[in-house]
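Structure first, commentary second.
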Amino acid sequence: MPWDLLNVEQRELRGLVRTVARERIAPRAAEIDASHEFPWDVVELYRENDVFALFHEEEFGGLGTGTLLSLVAIEEVARVCATSALLLAVQELGSLGLKLAGSEAQQQEWLPRLASGEVLAAYALTESGSGSDSAAMRTTARRDGDAYVLDGSKRFITNAGVAGLYTVFAKTDPDGGHAGISAFLLEADTPGFAVARLEPKLGIAGSTTGELVFEECRIPAANLLGSEGEGFRIAMRILDRSRPGVAAQALGIAQGATDYALEYAKTRETMGRPIGQHQLIQAKLADMETECEAARGLLYRFGRMCDEGADEAELTKASAMAKLKCGDVAMAVTTEAVQILGGYGYIKEYPVERYMRDAKITQIYEGTQEIQRLVIAREMLRETRVFLQADA
Ligand SMILES: Cc1cc2nc3c(=O)[nH]c(=O)nc-3n(C[C@H](O)[C@H](O)[C@H](O)COP(=O)(O)OP(=O)(O)OC[C@H]3O[C@@H](n4cnc5c(N)ncnc54)[C@H](O)[C@@H]3O)c2cc1C
């Protein structure tokens, strides 16, 4: 058996997800992309096979198999269908507020339903005027007796219209900057809440991306996550944990495109031999495979750090590095895959143009690549300071 970054038990579970992905999801991928329809059949498949449970602890109905394996699951699905992989990554993104800051009562009420997939989750931070600069948000939450009243809107929210539970960030103190933001749980059927529209997109076509509107939207005060004013910190802690889910999606897209280009290069002939025998094509394939493996190293390292209890400060940099590397590898590798297929790479009969379109979003959402670089550099500067002080 070839050497592997995973142990025997982890390989077995990866094998199960790989089989489900190849046999049940791969045949649907092109159709999901073409139809732009949310793949409820894939959600049902995950429910039946306990795939959502990979992301949760046993006490809440999960499998308790840890972070590394959950990333491997996203990677395996993304190898065949980026939209279906995003369903997993966003379920985790929308669950993390509860996991990191939820009260026991909130966790008991919601985590088992998220682990089974009975309820889908969403994470609503971005607004039309605030993406990278999330502290500039304008949505407000005013305390009124035993409720908060939300007013405002959110833009670009994945799972809009299909989620049953939204983690929403709003200003409880509009003049308080970062410290004025709080986090809330919002149920989809709350009066005053609506999905105003869904966006047509370049890629991940089966995933919904929508605008949320809150008009005098009353939610119970018990739906506050953590304390008032803690929302920005919660949002950033969630992103530290969730960005590697996007990295896993990106890596799966890159590996899927590499696998396809390799097979194609074995059979397509020019100048009397398979193109895989031409050295310039070999160089592309070698670079693609090497980049995927390098990205995988950073991603799995993050998974291991989580599973071995690394502290949160260390996770911030590791998470941003994994997302940065995997996203850039996905874009570069899928572009090369299209090149290897020549004209066939550009047409929809072959899957690599879909991989290339799907790759682009991994450089944008959950913090753009520019923001990842800022985070990494900030952590580097902080580490240097500690090092110099320790040395003095
Ligand atoms: C398909 C899709 C799904 C999404 N899903 C979600 C979701 O589920 N939940 C959610 O809350 N959001 C979601 N988003 C929003 C996404 O996270 C934001 O679009 C992203 O963070 C960038 O914000 P922005 O679009 O406002 O760009 P801007 O912040 O306006 O950035 C524009 C450009 O300027 C760069 N830039 C900004 N600030 C700096 C800086 N300080 N230094 C250097 N460069 C900078 C950016 O990197 C970018 O290149 C989604 C977006 C899309 C397209």
Side-chain angles (χ1 to χ4, degrees), residues 32-33 36 38 74 78 82-97 120-139 150 152-171 178 181 183-186 188 195-214 225 231-232 234-243 245-247 249-250 253 319-320 323-324 327-328 330-331 354 357-378:
I32 291 170
D33 178 58
H36 290 230
F38 184 79
I74 295 173
T83 289
S84 300
L86 183 57
L87 292 177
L88 297 176
V90 172
Q91 187 74 346
E92 173 67 348
L93 173 67
S95 303
L96 273 164
L120 296 184
Y123 171 90
L125 179 67
T126 304
E127 300 184 2
S128 54
S130 61
S132 305
D133 184 11
S134 50
M137 71 175 61
R138 301 181 67 166
T139 297
L150 266 61
S153 64
K154 296 282 168 184
R155 187 111 195 243
F156 297 150
I157 305 307
T158 304
N159 272 2
V162 298
L165 185 69
Y166 295 77
T167 303
V168 178
F169 298 86
K171 287 210 161 155
H178 295 87
I181 297 170
F184 301 91
L185 296 172
L186 174 96
V195 175
R197 63 166 166 166
L198 298 179
E199 313 280 357
K201 305 187 291 291
L202 176 70
I204 51 164
S207 168
T208 63
T209 309
E211 182 177 355
L212 315 182
V213 176
F214 316 98
L225 273 175
F232 187 77
I234 293 172
M236 296 304 118
R237 286 178 69 208
I238 291 173
L239 291 176
D240 280 349
R241 298 268 175 174
S242 68
R243 279 175 178 149
V246 172
Q249 182 195 28
I253 293 169
S319 161
K323 202 262 177 185
L324 176 63
D328 283 355
M331 202 61 244
R354 166 166 56 84
R357 285 185 287 107
D358 287 341
K360 186 59 205 172
I361 191 62
T362 68
Q363 294 184 307
I364 296 173
Y365 57 17
E366 295 198 30
T368 62
Q369 302 301 73
E370 290 77 15
I371 296 301
Q372 304 313 313
R373 287 185 169 92
L374 294 183
V375 170
I376 295 163
R378 187 192 63 207

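Both counts, for ligands and for their atoms, begin at 1 and track the order of listing. Note that these values count all heavy atoms, side chains included, but never hydrogens, waters or copies made by symmetry. As the structure is a prediction and not an experimental result, all values here were calculated from the model.
Counting only distance, with no hydrogens or angles, the side chain of Gln363 and the backbone of Met331 share no donor-acceptor pair below 3.5 Å. Checked by atom type and distance alone, the side chain of Gln249 never pairs as donor or acceptor with a backbone atom of Thr362 at under 3.5 Å.
If you check which protein heavy atom lies closest to atom 49 (O) of ligand 1, you get Glu370 OE1, 3.6 Å. In terms of protein heavy atoms, atom 17 (O) of ligand 1 is closest to Glu366 N, 3.5 Å. In terms of protein heavy atoms, atom 40 (C) of ligand 1 is closest to Leu374 CD1, 3.9 Å. For atom 20 (C) of ligand 1, the nearest non-hydrogen atom of the protein is Ile364 O, 3.7 Å. Summary of contacts: the protein heavy atom closest to atom 39 (C) of ligand 1 is Ile371 CD1, 4.1 Å. In this structure, the protein non-hydrogen atom closest to atom 15 (C) of ligand 1 is Thr126 OG1, 3.3 Å. Of all protein heavy atoms, the one lying nearest to atom 51 (C) of ligand 1 is Phe156 CB, 3.5 Å.
A pairwise comparison of heavy atoms in Leu93 and Ser242 identifies CD1-OG, 3.4 Å as the closest pair. Shown here for Ile74 and Gly245, the closest heavy-atom pair between the two residues is CG2-O, 3.6 Å. Annotation for Ile181 and Ala135: closest pair CD1-CA, 3.9 Å, computed over non-hydrogen atoms. Taking each heavy atom of Ala160 and Thr208 in turn, the nearest pair found is O-OG1, 2.9 Å.
You'll find the side chain of Lys154 reaches within 4.5 Å of the side chain of Met137, heavy atoms only. The shortest side-chain heavy-atom distance between Arg197 and Arg155 falls under the 4.5 Å cut-off. Residues Thr209 and Tyr365 have side chains not in contact (no heavy-atom distance under 4.5 Å, counting atoms from C-beta outward).
Among Asn159, Leu186, Leu185, the single residue meeting the side-chain contact (heavy atoms from CB on, under 4.5 Å) criterion with Tyr166 is Leu186. Screening Leu239, Ile238, Ile234 for a side-chain contact (heavy atoms from CB on, under 4.5 Å) with Met236, the sole residue that qualifies is Leu239.
The proximity of Leu125 to ligand 1, defined as any non-hydrogen pair under 4.0 Å, involves the side chain as well as the backbone. Contacts between Glu199 and ligand 1 below 4.0 angstrom, taking non-hydrogen atoms only, are absent altogether. Neither the backbone nor the side chain of Asn159 comes within 4.0 Å of ligand 1, counting heavy atoms alone. Contact annotation for Ile361 and ligand 1: only side-chain heavy atoms (C-beta onward) come within less than 4.0 Å of the ligand.
For atom 33 (C) of ligand 1, no protein non-hydrogen atom is found at a distance below 4.0 Å. Of the protein's heavy atoms, at least one falls inside 4.0 Å of atom 10 (C) of ligand 1. Atom 1 (C) of ligand 1 is flagged as protein-proximal [any protein heavy atom, distance under 4.0 Å]. Within a 4.0 Å radius of atom 44 (N) of ligand 1, the protein contributes at least one heavy atom.
Taking any N or O of Thr368, backbone or side chain, at least one lies under 3.5 Å from an N or O belonging to ligand 1. Inclusion of Tyr123 in the set of residues having an N or O under 3.5 Å from an N or O of ligand 1 is warranted. Some N or O of Thr158 is nearer than 3.5 Å to an N or O of ligand 1, by distance alone.
Annotation: ring pair (Phe, Tyr, Trp, His ring centres under 6.0 Å) contacts of Phe156 (sequence neighbours excluded): none.
Taking every non-hydrogen atom of Ile157 and a distance limit under 4.0 Å, the qualifying atoms of ligand 1 come out as 7 (C), 8 (O), 9 (N), 10 (C), 11 (O). In summary, the atoms of ligand 1 found under 4.0 Å from a heavy atom of Lys201, numbered by their order in the structure, are 1 (C).
Of the candidates Ser128, Gly131, Ala136, Ser132, Ser132 brings a heavy atom nearest to atom 28 (P) of ligand 1.
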